[in-house]
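None of the values given here were measured: they were computed from a predicted structure.
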Amino acid sequence: MVNWTQRFVTGLIGGPIVLYAIQNQLALCVLINVVLYLLHAEFQKLISNVLKHNCSDSDRWYVETMSSSWFIRIPTHYFITMSIMQSNPLSVHLHMVISIFFLLLVRLMNYLKISDFLKQNEKTISDKFPSQMVEKKIQMLTFFQMSADIVQFMLFVYPLNFVLIVFQFKQAQALNLIWLISAWQTDNGALFMGSMFGKTLFCPKISPNKTWEGVSGGIFLSVFSSLILSQLNFLSFITLDSLHTKHFLLISLIVSIASIFGDLIESFIKRVADVKDSGSLFPGHGGILDRLDSLCFSAPFVYLYIQMYMHDVLEEV
């Protein structure tokens, strides 16, 4: 059952914070870093659940040790911070490669540290833990965690750099506003139409509650909201007049479709981890991942559309 009161109150509190942040690149960078700090904890909890469900009790201490390494957050914050200092997309991609390299290096150092600990305490550990705790299993768990780190970075960290580098254009606030409103309204429309009229299942093997009625409602509300937004000129802090209505509608359509499939990918991750929500930070909404999935998956497609079809109408700073 959807708690619409909690959902509305949470949106009423969080919405103005986000709307303020999109007006300034530095403020948005700070907000994204805070969000990613919290997101990392949620994602690691999901990965720990996946590992615990597929490992013996004797392996769980190692899983907990891997999840508790706070050094793994540093490459993420480095990448997002460097994004606001680069105007050349190639430079951003180079920082992405550097960040992933350090992500893997941190995991490797963690593995070496634990492997060394096992060797030093071999007698004690062999009495406490049976033969399952062997070097090969530790390597396998480390490799799985490395893979999960790359997935987290590529799906939930890298896409957010696009909302920062779009500040190379004077219309950055308007573009980010369309992106945010479209993603939020897709979620709201899908949830409302799905809970009220949903009958035809969309992808029951991954998301049993998602329906075609909800998907259609999400797309409709997103496009309709963008149409309304394109006609508004009273938002004094954001310039909308220089953008044609067709761009509003096409961006909202792109965001909606990407959001729906992004939510499906996140649902699969939660299903493997055997949890309903990624967290409970936002009452009525769920966790950071539940709120961020549609934004992250749609951001690259929005930026691609901007580069291909709007470059001639946008003014560079």
Side-chain angles (χ1 to χ4, degrees), residues 2-3 7 10-11 14 18 32 34-54 67 72-73 76 80 103 144-145 147-163 179-180 182-195 198 201-212 214-219 221-222 254-302:
V2 181
N3 191 324
R7 193 174 177 87
T10 303
V18 177
I32 289 175
V34 171
V35 166
L36 288 179
Y37 184 88
L38 300 172
L39 180 144
H40 176 81
E42 276 191 5
F43 192 83
Q44 288 304 311
K45 188 176 179 182
L46 291 178
I47 296 304
S48 292
N49 284 345
V50 173
L51 288 173
K52 287 176 182 177
H53 292 158
N54 294 278
S67 301
I72 203 69
R73 292 179 168 93
T76 294
I80 290 299
L103 275 174
F144 180 88
Q145 188 67 67
S147 303
D149 288 336
I150 294 176
V151 168
Q152 178 192 351
F153 188 91
M154 295 307 297
L155 294 185
F156 300 107
V157 179
Y158 176 68
L160 293 178
N161 90 89
F162 293 112
V163 305
W179 167 65
L180 283 170
S182 299
W184 287 344
Q185 293 297 71
T186 299
D187 287 345
N188 290 332
L191 190 59
F192 177 77
M193 291 297 290
S195 59
L201 296 180
F202 178 65
C203 190
K205 286 189 177 181
I206 296 177
S207 185
N209 297 323
K210 196 179 294 296
T211 63
W212 279 104
V215 168
S216 303
I219 294 174
L221 185 59
S222 173
I254 291 169
V255 170
S256 293
I257 295 172
S259 297
I260 288 163
F261 287 98
D263 184 64
L264 210 58
I265 293 172
E266 198 233 350
S267 294
F268 176 75
I269 296 173
K270 291 190 294 184
R271 193 168 182 81
V272 173
D274 197 25
V275 296
K276 183 180 182 298
D277 294 318
S278 64
S280 55
L281 183 64
F282 302 119
H285 293 265
I288 290 281
L289 282 171
D290 296 313
R291 280 287 72 199
L292 213 60
D293 57 353
S294 56
L295 295 173
C296 289
F297 283 97
S298 58
F301 294 100
V302 172

Any residue meeting salt bridge (charged side-chain N to carboxylate O under 4.0 Å, His left out) with Asp293, in chain and number order, not counting sequence neighbours: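 Applying salt bridge (charged side-chain N to carboxylate O under 4.0 Å, His left out) to Asp293 gives none.
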Results of salt bridge (charged side-chain N to carboxylate O under 4.0 Å, His left out) for Lys210 - residues two or more places apart only: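 Scan of Lys210 (salt bridge (charged side-chain N to carboxylate O under 4.0 Å, His left out), adjacent residues dropped) gives Asp263.
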Could you tell me whether the side chain of [Y] reaches within less than 4.5 Å of the side chain of [X], counting heavy atoms only?
{"X": "Val50", "Y": "Phe144", "result": "yes"}
{"X": "Val163", "Y": "Leu295", "result": "no"}
{"X": "Asn49", "Y": "Asp274", "result": "no"}
{"X": "Leu264", "Y": "Cys203", "result": "yes"}
{"X": "Arg291", "Y": "Asp187", "result": "yes"}
{"X": "Phe43", "Y": "Leu289", "result": "yes"}
{"X": "Asp290", "Y": "Lys270", "result": "yes"}
{"X": "Gln152", "Y": "Gln44", "result": "yes"}

What's the shortest heavy-atom distance between [X] and [Y], and which atoms?
{"X": "Pro159", "Y": "Met154", "result": "CD-O, 3.3 Å"}
{"X": "Leu103", "Y": "Asp149", "result": "CD1-O, 4.2 Å"}
{"X": "Glu42", "Y": "Gly287", "result": "OE2-CA, 3.1 Å"}
{"X": "Ser294", "Y": "Ser298", "result": "O-OG, 2.7 Å"}

With Leu292, the side chain to side chain contact (heavy atoms under 4.5 Å, CB included) member among Leu155, Leu39, Leu38, Ile32: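 Exactly one candidate clears the test, Leu39.
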Candidates Ile260, Leu191, Ile257, Ile219 - the one meeting side chain to side chain contact (heavy atoms under 4.5 Å, CB included) with Thr186: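 Between Thr186 and the candidates, side chain to side chain contact (heavy atoms under 4.5 Å, CB included) is satisfied uniquely by Ile260.
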Rounded to the nearest 0.5 Å, what's the gap from [atom1] on [X] to [atom2] on [Y]? Could you check?
{"X": "Ser267", "Y": "Asn209", "atom1": "OG", "atom2": "CG", "result": "9.0 Å"}
{"X": "Ser207", "Y": "Lys205", "atom1": "OG", "atom2": "NZ", "result": "14.5 Å"}
{"X": "Trp179", "Y": "Trp184", "atom1": "CH2", "atom2": "CH2", "result": "9.0 Å"}
{"X": "Ile206", "Y": "Ile269", "atom1": "CD1", "atom2": "CD1", "result": "10.5 Å"}

Within 6.0 angstrom of Tyr158 OH, more than 12 heavy atoms from elsewhere: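 Yes, the 6.0 Å shell around OH holds more than 12 heavy atoms from other groups.
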